[in-house]
Amino acid sequence: MKNPRIKKILAAAMAVILFTMCFSACKGRDEAGEIVLNIYVDPHTQASFTFDPGIDYQGANSLNIGVCETLFELNEDASGVIGVLATEQKMTSPTQWEITIRDDVLFSNGKPLTAQKVKDALEYELENLPRLQALLKVDSIEADGQLLRINTTSFVAILPKFLTDTSLIIFDTDEMDDLNHNIIGTGAFIIESCDDEGNSSSIRNADYWRGPAVADRVNCKVGLTDEAITLALQSGELDWGTVQPTDITLFGDGYDLYQSDSNGRVYYLYFNQGYTFTADEALREALFYAFDRDAIITGLYAGSCSAAYTIFPEYSSIYTGDVQPAFNAETAKKILSDGGYKDTDGDGFVEKDGVKVLLKIVVYDANQFPKLAEALQDQLKKIGIDSDIKIAEAIMDELGTGNFNIATYGYNTLSFGDSYNYLQPVFSDNGTSNFVHFHSDAVEDALNLMASEADPEQRSSLARKICDEIYAQKMHMYLVRVIKTTVVRSEITATEEIFGTRKNIGLHLYAIGKEK
């Protein structure tokens with residue numbers, strides 16, 4: 001039988017060969033004098049690539065290649081915002097924000113950026129993105145010259161921070177004929193070509209408002225496996241990329257490494273209360289003792305992460321000490337036994353009321369989640385539970401069906417330097433990532449208070465109360481906090497100023513160059 005590991009490596013190598021063929025012409029122009037940047041962008045949880053910002057999280061595809069921009073970006077410690085396409089913001093009443101739009105910006109098609117253009121883009125996105133409408137609570141938007149007024153249905157304390165979301169890019173809504181292949185923005189680069197998979201080539205925008213970019217061209221590749229990203233970095237076909245912890249030691253001289261916790265990013269599990277066997281709270285409780293975080297950290301992530309027993313990291317104001325239980329297989333078995341789960345046919349797997357327990361694990365192909373699923377499956381076997389694994393092409397669509405027992409997910413819990421962007425989508429009754437239909441009246445009340453609470457200490461206090469309710473319902477298990485490692489080829493310039501900070505690389509791609 002063929003070795004599946006060899007097959008996977010060969011597939012990764014073939015992807016790099018195709019990548020090399022795709023960029024060979026551009027590499028020739030590089031030698032002729034152009035500065036060409038070769039980058040990788042990972043499309044977010046969608047089966048097919050698009051630049052359409054009306055599809056959640058896809059605005060990042062054009063932002064990350066320097067084609068579109070947002071009104072604001074977070075400052076270095078995430079305590080506030082820095083203007084990008086906006087120069088000033090102020091709250092004129094509890095339900096209105098006034099934002100001044102830059103008057104020296106052109107879209108790449110030559111049209112001027114106005115408040116009306118910003119209004120059109122935001123209205124299109126908010127109409128199509130329930131996640132963001134739930135955060136911003138927009139009632140109406142008004143445009144007057146370069147002045148934008150956002151009217152909300154209630155007080156939204158951190159509205160400017162929400163406007164840094166990568167889905168709220170500003171683009172020309174008059175040119176939306178083919179958003180799968182092109183989008184018109186205000187950024188440092190202009191899309192020249194893009195295939196159906198999302199592999200694109202962009203040229204420098206000579207009229208960019210901050211001045212022309214250092215690089216002449218940006219080539220972007222999508223859809224590479226983790227192994228292919230590593231091989232492409234080693235071969236020089238990628239100038240930077242995020243690598244898995246197990247590959248960090250492969251990069252020595254000639255590379256710079258930058259690490260961050262990605263805004264409190266955590267990998268966790270959904271336990272679905274509404275699907276077959278995990279409807280039983282006793283089984284869900286047993287699962288909390290079944291999974292060995294330390295073995296996962298050592299086996300999958302080469303020790304480059306830490307065990308997570310809470311939603312938020314220790315450095316956050318919300319952390320109150322470890323809450324969820326540690327691995328204990330014997331405790332898990334006892335909970336199952338006390339709950340009526342027995343192996344009556346001697347096959348090594350338990351049944352309940354004569355029905356064999358078979359859990360469905362759903363994952364998506366990122367963050368080494370397929371390998372994580374295999375580890376979870378192996379650990380479930382040790383407590384007598386059988387399972388199947390499904391790798392979803394579009395994870396949000398798959399989880400939206402509710403047809404799963406366990407699902408893996410990764411989320412930045414402190415995206416805006418604040419917890420609300422995680423808590424509201426995942427735990428509110430109308431949350432777009434509330435895939436297991438979590439409900440708590442106390443959580444709903446606290447989330448409503450958070451939406452209009454400006455004081456940081458009060459927001460943290462409300463968040464801690466929400467967390468207590470979440471832990472009590474035993475539907476979300478937090479596994480690991482993985483350190484994100486970005487490998488950058490040493491010939492790339494402006495690295496410390498950009499890669500070594502919290503800055504969104506796409507917004508600052510104009511400053512990145514390459515030594516000759």
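This is a predicted model, so every value here is computed, not measured. Values below: every heavy atom of this structure, side chains too, minus hydrogens, waters and symmetry copies.
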Please answer whether the main-chain N or O of [Y] pairs with a side-chain N or O of [X] as donor and acceptor at a distance below 3.5 Å.
X      : Y      : result
Thr485 : Val243 : no
Glu453 : Ala157 : no
Lys119 : Leu148 : no
Asn61  : Thr50  : yes
Arg102 : Leu113 : no
Gln89  : Phe72  : no
Ser490 : Tyr255 : yes
Ser428 : Pro425 : no

Salt bridge check, Lys111 against Asp172: does any charged N sit closer than 4.0 Å to a carboxylate O?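 Salt bridge flag = yes for Lys111 with Asp172.
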Are Glu69 and Arg210 close enough for a salt bridge, meaning some N to O gap below 4.0 Å?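 Yes, Glu69 and Arg210 are salt-bridged.
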Nearest 0.5 Å, what's the [atom1]-[atom2] distance between [X] and [Y]?
X      : Y      : atom1 : atom2 : answer
Leu257 : Trp240 : CG    : CH2   : 15.0 Å
Leu163 : Ile99  : CG    : CD1   : 5.0 Å
Asp441 : Asp429 : CG    : CG    : 8.0 Å
Ile65  : Ser202 : CD1   : OG    : 4.0 Å
Asn180 : Asp177 : CG    : CG    : 12.0 Å
Tyr40  : Leu233 : OH    : CG    : 11.5 Å

Test Ser419 against Arg459 for side-chain hydrogen bond (donor to acceptor under 3.5 Å, both in side chains), laying out the working first. CA-CA 8 Å; Ser419 62; Arg459 293 180 70 82; over 6 Å; no
Could I get the full list of salt bridge (Lys or Arg N to Asp or Glu O under 4.0 Å) partners for Lys503, not counting sequence neighbours?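 Listed in chain order: nothing, the list is empty.
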Listed partners of Arg131 passing salt bridge (Lys or Arg N to Asp or Glu O under 4.0 Å), at least two apart: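 If we apply the salt bridge (Lys or Arg N to Asp or Glu O under 4.0 Å) test to Arg131, skipping adjacent residues, the hits are Asp56, Asp165.
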Under 3.5 Å, is there a donor on one side chain and an acceptor on the other for [X] and [Y]?
X      : Y      : value
Glu142 : Asn151 : yes
Arg265 : Ser415 : no
Gln368 : Asp226 : no

Just jot down the side-chain hydrogen bond (donor to acceptor under 3.5 Å, both in side chains) partners of [X], sequence neighbours excluded, or say none.
X      : result
Glu125 : none
Lys465 : none
Thr152 : none

Centroid-centroid under 6.0 Å between [X] and [Y] rings:
X      : Y      : value
Phe438 : Phe427 : yes
His476 : Tyr270 : yes
Tyr411 : Tyr267 : no

Which is it for Glu73 and His508 under the side-chain hydrogen bond (donor to acceptor under 3.5 Å, both in side chains) test, yes or no, and what are the steps along the way? CA-CA 11 Å; Glu73 65 173 324; His508 298 270; 3.0 Å; yes
List the steps and the verdict of side-chain hydrogen bond (donor to acceptor under 3.5 Å, both in side chains) for Asn182 and Asp178. CA-CA 6 Å; Asn182 195 18; Asp178 188 12; over 6 Å; no
Are more than 12 heavy atoms, taken from residues, nucleotides or ligands other than Glu457, located less than 6.0 Å from that residue's CD atom?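 12 or below, so no.
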Candidate pair Asp247 and Gln244, rule side-chain hydrogen bond (donor to acceptor under 3.5 Å, both in side chains), full reasoning: CA-CA 6 Å; Asp247 290 345; Gln244 295 301 319; over 6 Å; no
side-chain contact (heavy atoms from CB on, under 4.5 Å) partners for Asp139, two or more places apart: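 For Asp139 the side-chain contact (heavy atoms from CB on, under 4.5 Å) partners, ignoring immediate neighbours, are Thr153.
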Give the ring-plane orientation class for Tyr420 versus Phe162, where under 30° counts as parallel, over 60° as perpendicular and anything between as tilted.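 Ring orientation of Tyr420 relative to Phe162: tilted.
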Below 30° counts as parallel, above 60° as perpendicular, anything between as tilted: where do the rings of Tyr478 and Tyr422 land?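 Judged by the thresholds at 30° and 60°, the geometry between Tyr478 and Tyr422 is perpendicular.
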Ring pair (Phe, Tyr, Trp, His ring centres under 6.0 Å) between Tyr409 and Phe435, intermediate numbers included: CA-CA 11 Å; Tyr409 217 70; Phe435 302 116; 5.7 Å; yes
